[in-house]
Amino acid sequence: MAEPSEWQKRITGEWHGRPSLFDATGTWCGYEDIRRSSVFENGVTTYYMDGGLTGGGPLAGQFRLGAPFAFGVEDADDDRVYTGPDFYGTGQPYGSFVDSHYYGPGWQVDLNTWNQILPDGQTQVYSSVLYQGWSVVGCFNGVYTRSTDHDDNPATQARVTEFLAAETRRGPVPHIMPTKQSGAYAGSCELWGADQKPRGTVDVRIALEPVDLLHTRRTLTWSGALNRSATASARRDGNRLFHEGPDAWGNAVAFGRAAFGSLHFTDVTKVRYREFMIDAEPGMSAGRRLAVVYEIFQGNVLDSVLHGLLEWEDAA
């Protein structure tokens with residue numbers, strides 16, 4: 001391949017993050033200190049991950065390794081094939097979002113990784129749900145920032161240090177929506193077909209009307225290239241979330257700031273989603289920036305992928 005794919009161009013440079021590790025129950029266990037880069041050279045793409053695990057509890061022995069990761073990538077705009085030796089599998093790009101499924105022999109887990117680059121082009125929202133067969137055994141997730149001159153630029157080094165300090169504070173924070181303030185998370189998102197071609201933009205709005213500390217009337221509205229509105233009673237039980245009709249039904253589990261769930265509407269449409277509270281801080285408050293990804297199915301067939309960044313708006 002003479003030129004890198006569009007996704008490969010998006011992720012040039014080095015990405016710095018401190019994702020948190022959670023066990024299968026959603027209990028925070030520790031941090032993964034990571035510097036990631038992918039290099040396109042002489043028509044070949046190689047992916048590198050260097051870092052280590054801080055903490056980890058009972059999972060430390062499984063997820064701490066004695067050498068950096070490196071693996072080849074067959075880079076293309078339709079399929080990215082991971083060719084080992086440290087990861088084997090595939091990833092499918094939908095604009096600035098990639099859904100990857102692969103196996104890591106060193107970690108001994110199957111992974112479903114979602115990488116979402118936000119509109120600033122410098123921030124990446126990351127999660128890897130970890131599986132043994134069909135059973136979830138844990139999750140890594142966090143936010144990354146990009147650099148191109150980290151080794152030589154003191155200003156970049158200071159920016160990255162500040163960013164990592166913020167991720168250290170925020171990593172263990174639970175995913176909790178506002179519990180007393182009415183308002184909405186809203187923003188313009190990209191819509192991509194299952195054929196990985198753009199379908200336009202969709203204004204996404206998640207309107208919240210808290211009922212009490214654990215129940216909220218939640219209305220999800222899509223307008224533009226896709227149109228739908230559905231209201232459900234949303235209930236939180238620890239890190240478990242439930243959508244209990246009348247227009248949508250389903251549930252979710254949160255690993256820190258990231259909630260992974262499913263929604264079944266009252267027709268053939270259903271949704272698999274991740275809602276990631278980017279800036280949630282410790283304390284009795286909720287974040288104001290929500291990164292969302294919705295994989296939309298017609299029956300059991302993927303139809304489209306909707307993703308973007310939403311900002312909090314107080315009710316008038």
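Along the sequence shown, the residues carry numbers beginning at 1.
A side-chain N or O of Y102 and one of T113 form a donor-acceptor pair less than 3.5 Å apart. A side-chain donor from one of D75 and S5 sits under 3.5 Å from a side-chain acceptor of the other. A donor-acceptor contact under 3.5 angstrom links the side chains of T269 and Q298, judged on distance only. Defined by atom type and a distance below 3.5 Å, a donor-acceptor pair is present between the side-chain atoms of R159 and T145. For the 3.5 Å distance criterion, the side chains of S304 and Y94 fail to qualify, holding no donor opposite an acceptor. Side-chain atoms of Q196 and D77 include no donor-acceptor pair closer than 3.5 Å. With no hydrogens or angles considered, no side-chain donor-acceptor pair links H101 and T90 at under 3.5 Å.
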inquiry  = Checking D303 against R199 for the salt bridge (charged side-chain N to carboxylate O under 4.0 Å, His left out) test, could you report, in this order, the C-alpha distance in whole Å, the side-chain angles of both residues, the deciding distance, and whether it holds?
reply    = CA-CA 11 Å; D303 175 77; R199 290 188 181 175; 3.0 Å; yes

key: T45 and Q8: CA distance, side-chain angles, deciding distance, side-chain contact (heavy atoms from CB on, under 4.5 Å) verdict   = CA-CA 9 Å; T45 299; Q8 189 61 38; 3.6 Å; yes

key: R80/E74 under salt bridge (charged side-chain N to carboxylate O under 4.0 Å, His left out): CA gap, chis, key distance, verdict   = CA-CA 6 Å; R80 291 169 61 79; E74 293 181 5; over 6 Å; no

request  = Please assess S233 against H215 for the test side-chain hydrogen bond (donor to acceptor under 3.5 Å, both in side chains), listing each intermediate value before the final yes or no.
outcome  = CA-CA 7 Å; S233 174; H215 297 81; 5.8 Å; no

message = Before you tell me yes or no, could you show the steps for F71 and Y47 under ring-ring contact (aromatic ring centres under 6.0 Å, His included), namely the whole-Å CA-CA distance, both residues' side-chain angles and the distance that decides it to 0.1 Å?
response = CA-CA 5 Å; F71 56 99; Y47 207 103; 5.0 Å; yes

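To the nearest 0.5 Å, the span separating CG on D247 from CG on L263 amounts to 11.0 Å. In this structure, D99 CG and Q116 CD are separated by 12.0 Å, a value rounded to the nearest 0.5 Å. To the nearest 0.5 Å, atom CD1 of residue I206 and atom OH of residue Y185 are 8.5 Å apart. In this structure, OG in S128 is found 12.0 Å from CZ in F255, a value given to the nearest 0.5 Å. Distance check, rounded to the nearest 0.5 Å: CG of L290 to CZ of R274 gives 10.5 Å. We find the CG-CD distance between D151 and E14 to be 6.0 Å, quoted to the nearest 0.5 Å.
In this view, D149 and N153, T156 satisfy the side-chain hydrogen bond (donor to acceptor under 3.5 Å, both in side chains) rule, not counting sequence neighbours. With sequence neighbours left out, R289 forms a salt bridge (charged side-chain N to carboxylate O under 4.0 Å, His left out) with E311. Taking Y48 as the reference, S37, V39, T46, A70 meet the side-chain contact (heavy atoms from CB on, under 4.5 Å) condition, with sequence neighbours excluded. Here V129 pairs with Y131, V136, C139, F260 under the side-chain contact (heavy atoms from CB on, under 4.5 Å) rule; sequence neighbours left out. V137 meets the side-chain contact (heavy atoms from CB on, under 4.5 Å) test with V109, L130, Q132; sequence neighbours excluded. Partners of T54 according to the side-chain contact (heavy atoms from CB on, under 4.5 Å) rule, which considers only residues two or more places apart in sequence or in another chain, are R18, Y31, D33.
Hydrophobic clustering (side-chain heavy atoms under 4.5 Å, transitive across Ile, Leu, Val, Met, Phe, Trp, Tyr) keeps V202 apart from F97. F242 and W249 end up in different hydrophobic clusters when Ile, Leu, Val, Met, Phe, Trp and Tyr side chains are linked at under 4.5 Å. Put simply, V293 and V271 are part of two different groups of oily side chains (I, L, V, M, F, W, Y) that touch within less than 4.5 Å, one to the next. F63 and W28 sit in two unconnected hydrophobic clusters of ILVMFWY residues. Membership requires side-chain heavy atoms under 4.5 Å apart, directly or through other members. In the hydrophobic clustering of this structure, V305 does not group with Y126; members are Ile, Leu, Val, Met, Phe, Trp, Tyr whose side-chain heavy atoms approach within less than 4.5 Å, directly or through other members.
Within the 4.5 Å cutoff, no side-chain heavy atoms of E190 are placed close to those of P198. Taking the side chain as every heavy atom from C-beta outward, L21 and C29 approach each other to under 4.5 Å. Contact check for L65 versus W107: side-chain heavy atoms found under the 4.5 Å cut-off. Counting heavy atoms from C-beta on, the side chains of S182 and L208 never come closer than 4.5 Å. The closest side-chain heavy-atom distance from S100 to N115 is not below 4.5 Å. Using a 4.5 Å cut-off on side-chain heavy atoms (C-beta onward), L310 and V204 make contact. The closest side-chain heavy-atom distance from D279 to R170 is below 4.5 Å. The shortest distance between side-chain heavy atoms of W15 and Q124 falls below 4.5 Å.
Between the R146 side chain and the R10 main chain, a donor and an acceptor come within less than 3.5 Å of each other. Under the 3.5 Å distance criterion, the side-chain polar atoms of N227 are matched with a main-chain donor or acceptor of G224. Proximity of a side-chain donor or acceptor of Q157 to a complementary backbone N or O of H150 within less than 3.5 Å is detected.
Of all the heavy atoms in P85 and P105, the pair that sits closest is O-CG, 3.9 Å.
Taking a cutoff of 4.0 Å between a charged side-chain nitrogen and a carboxylate oxygen, E313 and R205 qualify as a salt bridge. Checked for salt-bridge contact, E281 and R169 meet the test: a charged N lies under 4.0 Å from a carboxylate O. A salt bridge links K9 with E6: at least one charged nitrogen is closer than 4.0 Å to a carboxylate oxygen.
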Considering only distance and modelled atom types, tabulate donor-acceptor pairs under 3.5 Å from the side chains of residues 172-181, sequence neighbours left out.
from : atom 1 : to   : atom 2 : distance (Å)
H175 : ND1    : R257 : O      : 2.9

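V211 belongs to no multi-residue hydrophobic cluster, having no ILVMFWY side-chain contact under 4.5 Å with any other such residue. By the 4.5 Å side-chain criterion applied to Ile, Leu, Val, Met, Phe, Trp and Tyr, L213 is assigned to no cluster and stands alone. Alongside L118, the hydrophobic cluster contains V125, V143, V160, F163, L164, F276, I278, L309 (criterion: ILVMFWY side chains under 4.5 Å).
Each salt bridge (Lys or Arg N to Asp or Glu O under 4.0 Å) pair with one or both residues in residues 107-118, not counting sequence neighbours, would appear here, but there are none. Sorted by first and then second residue, the pairs that involve residues 219-239 and meet ring-ring contact (aromatic ring centres under 6.0 Å, His included), not counting sequence neighbours, are W222-Y294.
Geometric assessment of R228 against the ring of F265 yields a positive cation-pi assignment under the 6.0 Å and 45° thresholds.
Using cut-offs of 30° and 60° on the angle between ring planes, the pair F87 and F69 is tilted.
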